[in-house]
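Structure, as structure tokens:
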Amino acid sequence: MILLIIFLFTVIASAQVDIFGYYESEYDHIQLANKSYNFGYNKLRLDLESRPNENVMVGANINFQIFHGKQEWDIVDFIPEYLEIDSASFSISDSMYLDNIYLRTSFQRFDFTIGKQPISLGTGYAWNPLDIFNRKDLIDPTYEQAGINALRMEIPVMDGGTLDIIIEPDSTWDMSSKLIQLKSSLGSFDFSLNGGNQYHLIPDGNSGYAYDHVFFGGGSIVGELWEFGLWGETLWSLAADNNFGEVVFGIDHTFNNGVYLMTEYFHNSLGAEKNEVTFDHYLYNFSGETHSLMQNYLFAMGMYNLTNYISGSLLVFGNLDDQSFILAPQLNWDAFEDVTLGAWVSQSFGENNSEFGIQDLALRFRLRAYF
Amino acid sequence: MKSYKISKTVQAIFYLILGINSVVLFGADLSAKTILDSMTMVMQPISSQGKMEQEIITSSNIKRVFIFNYYSEEKGENVLIRYIEPRKVRHNAFLIKNSGEDIWVYFPRTRRVRKLASHAKKQKAQGSDFSYEDFSGSEEWKTDYRVKQRSSGERKNYLLSFTPRIGAETSYDSLKIYVNKLNYYPDRMLYYQDGVHLKTLNFQDVKEIQGIPTAMIMFMENHLEESQTTMRILEMEYNVVFEQEFFTERNLKK
């Protein structure tokens with residue numbers, strides 16, 4: 001990795017480098033059952049991009065992040081009292097990190113990308129079962145994801161199809177994550193067939209988890225029927241004796257007046273069943289090891305451009321198993337050519353010991369200026 | 001016998017009138033179609049690549065400028081748009097195929113390609129008065145609409161009037177295009193939605209590039225929102241031979 005960084009920086013230093021990025025400032029306020037906190041951050045993302053020739057691209061970005069307000073957190077604030085956990089604290093601190101650094105080369109018959117790179121898979125908006133490398137934040141599903149240290153080969157096959165091979169190396173070959181994806185189209189539908197292998201959580205048979213090597217199979221589809229956009233994706237373990245997985249379906253439509261509506265249903269059989277939630281379920285969900293706490297979820301969004309530069313959105317997402325929901329109106333304003341401002345509110349509904357009901361009200365202000 | 005002769009004469013006159021009317025009706029339709037064919041041939045060259053500047057002025061007089069590279073083939077059936085400025089949308093790209101039926105959007109920060117359903121073409125492109133549909137080819141004018149020639153009341157222009165065919169999915173419920181009689185290049189297009197004159201696209205500063213008339217300025221007025229979008233051609237080249245994989249998802253991510 002160090003050699004790769006030295007090589008990439010040498011290439012960047014000797015070639016014409018394009019420098020761009022953004023400054024982002026966020027202020028958050030959250031009210032829980034009997035306490036409230038203020039927190040936020042200032043972030044500078046510095047992107048470097050160089051194209052020594054038309055077939056080679058070197059990309060990197062460094063993030064500087066300074067936090068303010070509450071930085072010492074206790075998971076206990078976000079889990080129900082009945083779990084009877086005394087304390088599980090963690091802290092976040094100011095950071096500077098190389099989020100992405102990669103080299104992409106285009107050969108005649110394939111593209112090859114090596115390094116810490118952005119990887120985003122699947123057709124879903126709020127959930128992506130096929131993306132075994134990332135997880136999304138439901139309140140902001142399109143926010144950039146952390147780079148994945150991987151080798152990726154994209155081979156054009158058939159008519160416009162692609163064979164995509166991704167390996168995320170780890171200490172041994174067995175521990176490494178591997179994914180293969182064959183993507184093509186049929187009529188107005190794009191589809192993919194996927195296979196993967198990962199050292200992953202599996203159900204231990206007692207409402208808990210264990211780790212093991214898992215082979216996955218799945219696929220995705222996206223297209224349209226009667227003016228409605230439709231998509232779906234799934235990834236399922238191939239072990240006959242320990243079968244688990246995830247599936248998502250979505251539908252969207254834009255009306256002639258510009259109103260956009262979409263909804264997604266997500267099922268994760270690895271999530272906890274109703275009335276069987278344990279501290280482990282919360283822990284693995286917070287750490288991103290599982291894509292959801294429980295099994296059945298719904299996400300819906302309506303969006304409308306109030307003016308040319310102000311858009312209003314209304315997000316609703318919820319846990320169908322414990323009947324807790326969050327309603328989140330959002331206002332985004334392109335205040336200047338390269339400056340955006342966002343004001344978001346989220347109000348939860350549900351019992352105090354439910355996943356989303358434990359939070360009361362949250363406010364977020366975000367400013368981003370691109371350069 | 002006499003009555004038969006009269007009857008035959010009336011019948012002959014009836015058929016003659018019917019025949020003349022048919023020729024007139026057929027001739028009018030043919031003329032409209034010919035004008036439309038000539039116009040689409042002139043304004044939609046087989047392939048092109050260029051650089052464009054899009055200036056948006058809102059009703060509150062806020063100005064925004066976008067610059068993008070534009071590539072098209074198959075008379076605009078396949079289009080690739082790659083944004084250069086402003087920084088916020090830099091390297092964002094759209095691949096529009098089959099005259100807007102298939103749209104893919106590429107976000108460089110996540111290197112994610114997302115296929116949009118064709119209803120997304122109704123959305124405004126980067127807040128402008130152009131929809132994504134407006135970027136794609138003009139073949140749907142023939143397939144989705146019935147075209148008639150009307151009196152333009154102008155010496156230099158023909159007037160074509162479009163109404164949607166039954167079952168066709170169109171964003172506008174009628175269109176009017178004024179076509180220059182000399183070079184068959186459109187002078188202006190009027191878009192109607194729900195019976196209301198929604199917007200007007202004006203073609204200005206028409207110059208010949210490689211022998212093809214080209215409006216260097218396209219000026220779209222939104223009459224409801226009182227906003228304006230001006231599209232200026234900064235660079236343009238026609239009859240470009242693209243590589244076989246140019247209009248593909250692979251190239252979208254480059």
Side-chain angles (χ1 to χ4, degrees), chain A residues 18 20-22 45 47 49 54-55 57 59 61 104 106 111 113 117-123 125 142-145 154 156 160 162 183 185 188-190 222-225 227-231 251-258 260 305 307-309 311 334 336-340 368-371, chain B residues 56-60 62-66 85-91 95 97-98 101-104 107-124 126-129 131-132 169-173 193-194 198 222 225 227 229 243-245 247-251 253-254:
Chain A
D18 198 2
F20 54 101
Y22 63 77
R45 175 177 162 129
D47 285 275
E49 197 176 293
E54 65 174 22
N55 293 319
M57 196 270 269
N61 78 277
R104 180 180 167 89
S106 295
D111 297 329
T113 311
Q117 57 190 286
I119 291 176
S120 187
L121 299 165
T123 55
Y125 181 82
T142 59
Y143 197 84
E144 69 206 24
Q145 291 161 330
E154 292 160 274
T162 310
K183 203 171 170 187
S185 60
S188 65
F189 280 82
D190 284 3
V222 56
E224 107 176 270
L225 209 58
E227 280 213 6
F228 288 91
L230 299 170
W231 62 89
I251 183 168
D252 71 351
H253 184 71
T254 307
F255 293 90
N256 280 337
N257 59 9
Y260 173 79
N305 289 322
T307 72
N308 286 42
Y309 301 112
S311 68
D334 288 344
F336 302 101
E337 196 143 88
D338 279 312
V339 178
T340 58
R368 188 183 273 193
Y370 296 85
F371 57 86
Chain B
I56 305 164
I57 299 174
T58 65
S59 54
S60 47
I62 299 169
K63 192 173 105 176
R64 298 285 159 82
V65 178
F66 294 82
E85 295 286 345
R87 292 281 174 170
K88 193 182 76 168
V89 295
R90 196 163 187 272
H91 295 326
L95 176 63
K97 294 184 84 168
N98 305 318
E101 288 303 307
D102 296 302
I103 306 173
W104 292 266
F107 303 102
R109 286 192 198 283
T110 51
R111 292 193 64 77
R112 182 180 181 84
V113 175
R114 186 168 164 81
K115 189 177 196 293
L116 305 178
S118 65
H119 57 71
K121 68 187 178 187
K122 296 170 189 166
Q123 292 173 354
K124 289 179 164 195
Q126 303 294 353
S128 74
D129 295 302
S131 63
Y132 293 109
E169 295 166 2
T170 60
S171 297
Y172 307 108
D173 54 27
Q193 206 174 61
D194 302 323
L198 181 67
N222 188 314
E225 296 176 7
S227 55
T229 301
E243 287 176 20
Q244 199 180 352
E245 287 191 348
F247 294 92
T248 62
E249 199 178 311
R250 184 190 185 197
N251 190 43
K253 293 198 278 187
K254 275 189 179 170

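Each chain gets a letter, A, B and so on, in the order the sequences are listed, and its residues count up from 1.
For the options A:Phe228, A:Phe336, A:Tyr125, heavy-atom pairs under 4.5 Å to chain B are most numerous at A:Phe336. Most heavy-atom pairs under 4.5 Å with chain B, from the set A:Gly229, A:Pro156, A:Gly21: that is A:Pro156. Interface check for chain A: of the options B:Gln244, B:Lys63, B:His91, the most heavy-atom pairs under 4.5 Å are formed by B:His91. Ranked by heavy-atom pairs under 4.5 Å with chain A, the list B:Arg64, B:Arg111, B:Arg112, B:Arg87 is led by B:Arg64. For chain A, the option among B:Val113, B:Asn98, B:Asp194, B:Val65 with the highest count of heavy-atom pairs below 4.5 Å is B:Val65. Per-residue heavy-atom pair counts under 4.5 Å with chain B were compared for A:Thr340, A:Asp252, A:Val339, A:Leu121, and the maximum is reached by A:Asp252.
Using a 4.5 Å cut-off between heavy atoms, A:Tyr22 touches chain B through its side chain atoms alone. In this structure, chain B has no heavy atom under 4.5 Å from any part of A:Thr162. Of the two parts of B:Glu245, only the side chain, counted from C-beta on, holds a non-hydrogen atom closer than 4.5 Å to a non-hydrogen atom of chain A. If you measure heavy-atom distances from B:Arg114 to chain A, the contacts under 4.5 Å come from the side chain alone. Only the side chain of A:Asp18 has a heavy atom closer than 4.5 Å to any heavy atom of chain B. Neither the backbone nor the side chain of A:Asn61 comes within contact range of chain B; no heavy atom of the residue lies under 4.5 Å from a heavy atom of that chain. Contacts between A:Ser311 and chain B at a heavy-atom distance below 4.5 Å are absent for every atom of the residue. Neither the backbone nor the side chain of A:Leu230 comes within less than 4.5 Å of any heavy atom in chain B.
In this structure, the side chains of B:Phe107 and A:Glu144 stay at 4.5 Å or more apart for every pair of heavy atoms. Taking 4.5 Å as the limit, every side-chain heavy atom of B:Thr229 sits out of range of all side-chain heavy atoms of B:Phe66. Under the 4.5 Å side-chain criterion, counting only non-hydrogen atoms from C-beta, A:Tyr143 is not in contact with B:Thr110. By the 4.5 Å heavy-atom criterion applied to side chains, A:Phe371 and A:Asp338 are not counted as neighbours.
Salt-bridge formation is detected for the pair A:Arg104/A:Glu154: a Lys NZ or Arg NE/NH1/NH2 atom is positioned less than 4.0 Å from an Asp or Glu carboxylate oxygen.
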Given salt bridge (charged side-chain N to carboxylate O under 4.0 Å, His left out), test A:Asp190 with A:Lys183 step by step and report yes or no. CA-CA 7 Å; A:Asp190 284 3; A:Lys183 203 171 170 187; 5.6 Å; no
Kindly determine whether B:Lys253 and A:Asp111 satisfy salt bridge (charged side-chain N to carboxylate O under 4.0 Å, His left out), including the steps that lead there. CA-CA 11 Å; B:Lys253 293 198 278 187; A:Asp111 297 329; over 6 Å; no
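A:Tyr370 does not carry B:Arg90 over the face of its six-membered ring by the limits of under 6.0 Å from the centre and within 45° of the normal.
A pairwise comparison of heavy atoms in A:Trp231 and A:Thr123 identifies CD1-O, 3.5 Å as the closest pair.
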